Protein chains: 2
Amino acid sequence: MSTKNKILDAAENLFADKGFNGTSLREITSQAEVNLAAVNYHFGSKKELIKAVMSRYMNELSPRLELALTQVCETNSPSLIDVFSAFIDPLLSLNEFKDNGTSNFLQLLGRGYTDSQGFLRWFLTTQYPEVIDNFVLAVQKSYPELTAEEMFWRLHFTMGTVVFTMSSSDALIDIAKSDFDRDLQISDVIRNVIPYVAAGVGAPMPKLG
Amino acid sequence: MSTKNKILDAAENLFADKGFNGTSLREITSQAEVNLAAVNYHFGSKKELIKAVMSRYMNELSPRLELALTQVCETNSPSLIDVFSAFIDPLLSLNEFKDNGTSNFLQLLGRGYTDSQGFLRWFLTTQYPEVIDNFVLAVQKSYPELTAEEMFWRLHFTMGTVVFTMSSSDALIDIAKSDFDRDLQISDVIRNVIPYVAAGVGAPMPKLG
DNA sequence: AAGCAGTTTAAACAAGCGTTTTAAATAACG
DNA sequence: CGTTATTTAAAACGCTTGTTTAAACTGCTT
């Protein structure tokens, strides 16, 4: 395995676990068993390393997500459950791409929105806008009465639900084990959250105030 | 104003804005216009300062929330909208307690769940368990079919929605202004999120798999 | 007025951070 | 094989972090 990939793998796991600010380059390089200077040699800076970690996933996920959402749009009358369910397979496919891929990616997404004052949000929305566009189109098709403004709010609420849930999914899975004696995985958490966000996005439009 | 309170006020604003990890004691003391060592003198450590900032709000909020939720439980057949609406007044009352109180508190809550690897979650759930208990009781009253396990998940999803939304509420309000020409405040965001979370928690129980 | 606890101050501490620099080792290629 | 380019290695850089120290100052009581 190349030094570059060893760094990416170690960085990904540590970032997901402890956040970007909370992970030092020395932790990364010592877990990757490479020299400290290798990060700056291969990636230039910590910030560029973060981008590289995210890009590796986005480049894998983005086309699959685009395809799945396009297919949903082409069906006759997709429900919101259908729209959100379109995320399942592309997300779970990240597990074949890499161990713990799904979990890591979703946790990284969560970190990126709260750590580092939104620079990752900027990065994702400017580098991968078509993902959001496709998603908005799919939701519009299944809930045409939703105004653009309500849509904006509800999509952001959904982002919050998913991202927050995933960034603490390890703790949730632990609690589910101890409190309800359930052995769950990240895929179960994803399937669990879908009815929730679908109902949230599908809530009736509030009366005009 | 006492040094202690100057520190608490400055710390609160900076923590809400940049997170706990992202804020240094030197930033806090220079904004508070007190000496650096004053933090350790009055609070002992940065961690204790974080607790103090949160406690100041929780001690204000907790009894009001308890009262409001108890009152909802006493009504005949409360809807989930009623339950979540019970949060509005207690939360907005924090604005009288302090400028930007509501916004700051909710953002701090969000920070506390993602920064610092969940120590704040531990602190809140162990120090203020009655808030959660009351909330669970109220939800059970308005949706008795919900199993304890489903309740656990949905309450956590809700926490995620609210906490994430609030931690990025400033950005959301900016977007609402530029995209939809709306001048919103934190109270509008709260009112906006209620139908969403109420619908999410109220989603039909999924079929047994 | 002296003493004293409570508070504030400036300075220093040790540790960790991202990054850079140096030199040595390795690989690629004519 | 020899030369050039790439990659690794160890050390140091300058800076920031939370915390501690010891001295100075404050306002109050005896």
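All chains are named by letter (A, B, ...) in the order of the sequence lines, taking the proteins before the strands, and each is independently numbered beginning at 1. The structure displayed is predicted, hence computed values, not measured ones. Values below: every heavy atom of this structure, side chains too, minus hydrogens, waters and symmetry copies.
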Quick check on contacts: within residues 26-36 of chain B, what sits under 4.0 Å from DNA chain D by heavy-atom distance?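 Only B:R26, B:L36 qualify.
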Side-chain (A:N192) to main-chain (A:V189) donor-acceptor, under 3.5 angstrom: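 Absent.
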Whole-Å distance between [N] [atom2] and [X] [atom1]?
X     : N      : atom1 : atom2 : result
A:N40 : D:dT8  : CG    : P     : 14 Å
B:N21 : D:dG18 : CG    : C1'   : 13 Å
A:H42 : D:dT7  : NE2   : P     : 6 Å
B:K18 : D:dT16 : NZ    : C1'   : 13 Å

Apply side chain to side chain contact (heavy atoms under 4.5 Å, CB included) to B:T126 and list each qualifying residue two or more places apart in sequence or on a separate chain.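 Partners of B:T126 under the side chain to side chain contact (heavy atoms under 4.5 Å, CB included) test: B:W122.
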Can you name the residues that form a side chain to side chain contact (heavy atoms under 4.5 Å, CB included) with A:S85, not counting sequence neighbours?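 Here the qualifying residues are A:I81, A:I88, A:I194.
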Counting only heavy atoms not in B:Q185, do more than 12 sit closer than 6.0 Å to its CD atom?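 It does not: B:Q185 CD has 12 such atoms or fewer within range.
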Would you say CD of A:E149 has more than 12 non-hydrogen atoms from neighbouring residues, nucleotides or ligands within 6.0 angstrom?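 Enclosed: over 12 neighbouring heavy atoms sit under 6.0 Å from CD of A:E149.
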Fit a plane to each ring of B:F152 and A:F180, take the angle between them on a 0 to 90° scale, and name the class: parallel (under 30°), tilted (30 to 60°) or perpendicular (over 60°).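 Plane angle between 30° and 60°, so tilted.
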Fit a plane to each ring of B:F135 and B:F84, take the angle between them on a 0 to 90° scale, and name the class: parallel (under 30°), tilted (30 to 60°) or perpendicular (over 60°).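 If you compare the ring of B:F135 with that of B:F84, the planes turn out perpendicular.
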Going 5' to 3' along DNA chain C, between which two nucleotides do contacts with chain B fall, using a heavy-atom cut-off of 4.0 Å?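 Going 5' to 3' along DNA chain C, contacts run C:dG6 to C:dA12.
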Any donor-acceptor pair under 3.5 Å linking the side-chain atoms of A:T161 with those of B:T161?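 Side-chain D/A pair, B:T161 to A:T161: present.
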Taking the six-membered ring for Trp, are the ring centroids of B:F105 and B:Y57 within less than 6.0 Å of each other?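 Ring centres of B:Y57 and B:F105 closer than 6.0 Å.
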Below the 4.0 Å mark, does D:dT17 have OP1 or OP2 next to a side-chain nitrogen or oxygen of B:S24?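 Yes, such a contact exists.
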If a pair satisfies salt bridge (charged side-chain N to carboxylate O under 4.0 Å, His left out) and one of its residues is in residues 52-62 of chain A, list it, with sequence neighbours excluded.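 For residues 52-62 of chain A: A:D9-A:R56, A:E12-A:R56, A:E60-A:R64.
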Heavy-atom pair with the smallest gap, counting every atom of A:L80 and A:A198: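 The answer is CD1-O, 3.6 Å.
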Hey, which sits more toward the 5' end of DNA chain C by its nearest nucleotide, A:G44 or B:A37?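 Its nearest nucleotide being more 5', the pick is B:A37.
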For residues 3-15 of chain A, which residues have at least one heavy atom under 4.0 Å from DNA chain C?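 Per residue number, the list is empty: none.
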Checking all strands, does B:S2 fall into the base, sugar-phosphate, or nothing category for heavy-atom contacts under 4.0 angstrom?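 Contact class for B:S2: none.
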